[in-house]
There are 2 protein chains.
Amino acid sequence: MATISDVANRAGVSTATVSRALNGKATVDPELAARVLAAAEELGYRPNGPARNLRKQETAVLALIISDVENPFFTAIARGVEDVAHEAGYSLVLCNSDDTADKERQYVDVALQERVAGVLLSPTGSAETAELLARHSTPVVAVDRPLPDHPSDTVLVDNRLAAKHATLHLSGQGYGRIGCLTGPSGVPTADDRLAGYRDGLRASKLPGSASLVRRASFKAEGAQRAAHALLTQADPPDALLVGNSAMAVGVLEALAALRLKPGRDVGVVAFDDAPWTTLLDPPLSVVAQPAYDMGALAARLLLDRISGDRAETSTTTLSAHLVVRGSSSR
Amino acid sequence: MATISDVANRAGVSTATVSRALNGKATVDPELAARVLAAAEELGYRPNGPARNLRKQETAVLALIISDVENPFFTAIARGVEDVAHEAGYSLVLCNSDDTADKERQYVDVALQERVAGVLLSPTGSAETAELLARHSTPVVAVDRPLPDHPSDTVLVDNRLAAKHATLHLSGQGYGRIGCLTGPSGVPTADDRLAGYRDGLRASKLPGSASLVRRASFKAEGAQRAAHALLTQADPPDALLVGNSAMAVGVLEALAALRLKPGRDVGVVAFDDAPWTTLLDPPLSVVAQPAYDMGALAARLLLDRISGDRAETSTTTLSAHLVVRGSSSR
DNA sequence: GTGAAAGCGCTAACAG
DNA sequence: CTGTTAGCGCTTTCAC
């Protein structure tokens, strides 16, 4: 592949001039600049990224490490990140941690090695990753979940409050035995939603009970089993607060299998909005999270930090809002 | 950040030895190797990726350029790619072209600059991109759509045949005026599905008519408008073949707004399976594409080509299969 | 088995 | 305004 000196030879100038011309530095004779541009074009010249990055000691790439590319919540975040990154001339490397501390550490490792300008992370909660990041000076912002132990810029949503509101809504609709299906213990979003659910129960003077709560992975399958167990036990719940939209699929399947109708038989509110929720009969009530905005904001914070504009770390908590549809009233 | 010579100093050896030790070359005194490893650990040393890439004239990263991270079909492909890439020690850079020739070219450009080992591309159809790729020697494999004009390794699905089967199925269920809602003209998958639909019509001796066909972007919104127009015209279709799952959402919304029930009033088959399709009443019949497998296969082809194992380019066409559910029978 | 030294392609002083 | 030159951090001959 053509190098800068090939271009220099062809244009009859030095490599320095080529570099200046190609990078749009002011001080280049227009005529020479034109010759350089022409030569570069003819040769199909592309600057060698690694060489440039090595020399400049910086890259124009951001890494985004999320737990699941197939989860619409995270892809919406990715969209937000990508739009502002792209706007600012940065590329985005997307990585899947699968919510695994090990894969997460591996990806953080390569991000560090490749000397990315910054990393956006939805942390699994592994202290090791946080440690790793803290030891190096690469700017980081945590999205959706905080980075354990080490303060960093963070963009969260107020899951606890949203869960409380959803629970109060259910209670207000006359459901008296509200259950909760949330994610794995230790995952902050899962724990916060559970806490908010308990807040809601308390505020509406409803009885809480361990038998009304189940945990599962944030996937459809586990949620289906958990919902089935919950609904077939003695004294089953008459409403369910569900941890995310993938789980909602499982819950709805379990309901259908038991010939229970959302709303009429069992009130349902799930976290995450999705385009298909309005197609159901009845449509699904949801807690909509501002995923795109979270991504965009996180990217902006990261870019600011990269350019050294801010010193103090900040935590921004966005609010989610309840969208009431048919599945949460009889 | 610590460099290789910091490590060398601390271990009391040369940088060459550090390099050899860290890369697991056989010929290093075990005792020295241990000292090197210890020093590297203590300093939190990470090899400088750009420097290494520059020196080795190669990188361990693959670029995947798709039109939409929020489209489950493409994320499933990404999953397949990522799993095999990761397995082979490669990282994946994911980029969104938004089905825009311009963004696509831009991303191909950075991929070329960063000297990625190879690129996987779901081409928009822009000849310019194909040209660009062909001029440089970076290995490429096209996924889901062929690269215009320039032969390359390609992984496709037989959209045409699948569309024909779906149409025949609809006709077999007694629908006599089958319509088709497909993607933008020029997008091969959209055109192939339309062609297959026409094949199906012909094979079942059903009348074709321009008034039964509409094009829209592969998104819900446009599809909703198009479906509404189709269904409110004189002599509306009694069944619809729909281009993808996002469009299906729009179509189903249009149907609901018109108080038309899928299956009973209008038969519906849509491309792409999705977890929520079984939650609908009636459940949605779909053409399921082997997206994950496409990604995995494409990645394997690319890896083979990178290691120079193959010379001839190949085109692999996978088949999609019809999943019959309630929306395509009365 | 180990070290010295060259050089990957580029940018940024520094001279002219 | 342009060219010469050094050097980013690493791997890899080439000597020893």
Side-chain angles (χ1 to χ4, degrees), chain A residues 1-37 39-40 43-61 89 109-110 112-117 136-138, chain B residues 1-37 39-40 43-61 109-117 136-138:
Chain A
M1 202 173 280
T3 72
I4 198 171
S5 44
D6 295 333
V7 178
N9 287 147
R10 183 173 253 262
V13 297
S14 73
T15 60
T17 300
V18 174
S19 175
R20 285 188 279 251
L22 260 23
N23 290 296
K25 301 283 188 222
T27 60
V28 178
D29 185 293
E31 204 239 315
L32 286 195
R35 251 162 52 205
V36 168
L37 254 31
L43 261 27
Y45 170 73
R46 313 275 134 191
N48 182 310
R52 156 183 280 174
N53 295 338
L54 172 59
R55 175 62 230 235
K56 300 188 73 172
Q57 298 286 58
E58 69 181 47
T59 61
V61 1
D109 240 1
V110 326
L112 255 21
Q113 281 189 204
E114 295 304 322
R115 304 296 194 260
V116 298
H136 299 79
S137 53
T138 307
Chain B
M1 202 173 280
T3 73
I4 198 172
S5 43
D6 296 333
V7 178
N9 286 148
R10 183 172 252 263
V13 298
S14 73
T15 60
T17 300
V18 174
S19 174
R20 285 190 278 252
L22 259 23
N23 290 296
K25 301 284 189 222
T27 60
V28 179
D29 186 293
E31 204 238 315
L32 286 194
R35 249 160 57 202
V36 168
L37 254 32
L43 293 168
Y45 171 72
R46 312 275 133 189
N48 181 309
R52 157 184 278 173
N53 296 338
L54 172 58
R55 175 60 230 238
K56 299 187 74 172
Q57 298 286 60
E58 68 181 47
T59 63
V61 1
D109 240 1
V110 326
L112 255 22
Q113 280 188 207
E114 295 304 322
R115 304 298 193 260
V116 299
H136 299 80
S137 52
T138 307

Does S5(A) use its side chain to pair, donor to acceptor, with the backbone of A8(A) at less than 3.5 Å? no

Does the N9(A) side chain pair with the main chain of D6(A), one donor and one acceptor, at a distance under 3.5 Å? no

Every protein N/O within reach of nucleotides 7-10 of chain C N/O, cut-off under 3.5 Å:
| unit_1 | atom_1 | unit_2 | atom_2 | d |
| --- | --- | --- | --- | --- |
| dG7(C) | N2 | R55(B) | NH1 | 3.3 |
| dC8(C) | O3' | Q57(B) | NE2 | 3.0 |
| dG9(C) | OP1 | Q57(B) | NE2 | 3.2 |
| dG9(C) | N2 | A51(A) | O | 3.3 |
| dC10(C) | OP1 | Y45(A) | OH | 2.4 |
| dC10(C) | OP1 | N48(A) | N | 3.0 |
| dC10(C) | OP2 | I4(A) | N | 2.3 |

Side chains of N53(B) and R115(B): closer than 4.5 Å at any heavy-atom pair? no

Atom-pair distance (NZ on K25(B); P on dC10(D)), nearest Å: 15 Å

Could you grab the distance from atom OG1 of T59(A) to atom CD of E114(B), nearest 0.5 Å is fine? 7.5 Å

Looking at Q113(B), is its backbone amide N or carbonyl O close enough to the side chain of R46(A) to form a donor-acceptor pair, meaning the two atoms are under 3.5 Å apart? no

Take the protein atom CG of N53(A) and the nucleotide atom P of dC10(D), then report the distance between them rounded to whole Å. 14 Å

Verify, without hydrogens or angle tests, whether N23(A) (side chain) and K25(A) (backbone) share a donor-acceptor contact under 3.5 angstrom. no

Between R20(A) and R20(B), whichever has its closest DNA chain C nucleotide further toward 5' is R20(B)

Is any side-chain N or O of T17(B) closer than 4.0 Å to OP1 or OP2 of dG3(C)? yes

Expressed in angstrom and rounded to an integer, what is the separation of R35(B) atom CZ from dG1(C) atom P? 16 Å

Rounded to whole Å, CG of D29(B) lies from C1' of dT2(C) at a distance of 10 Å

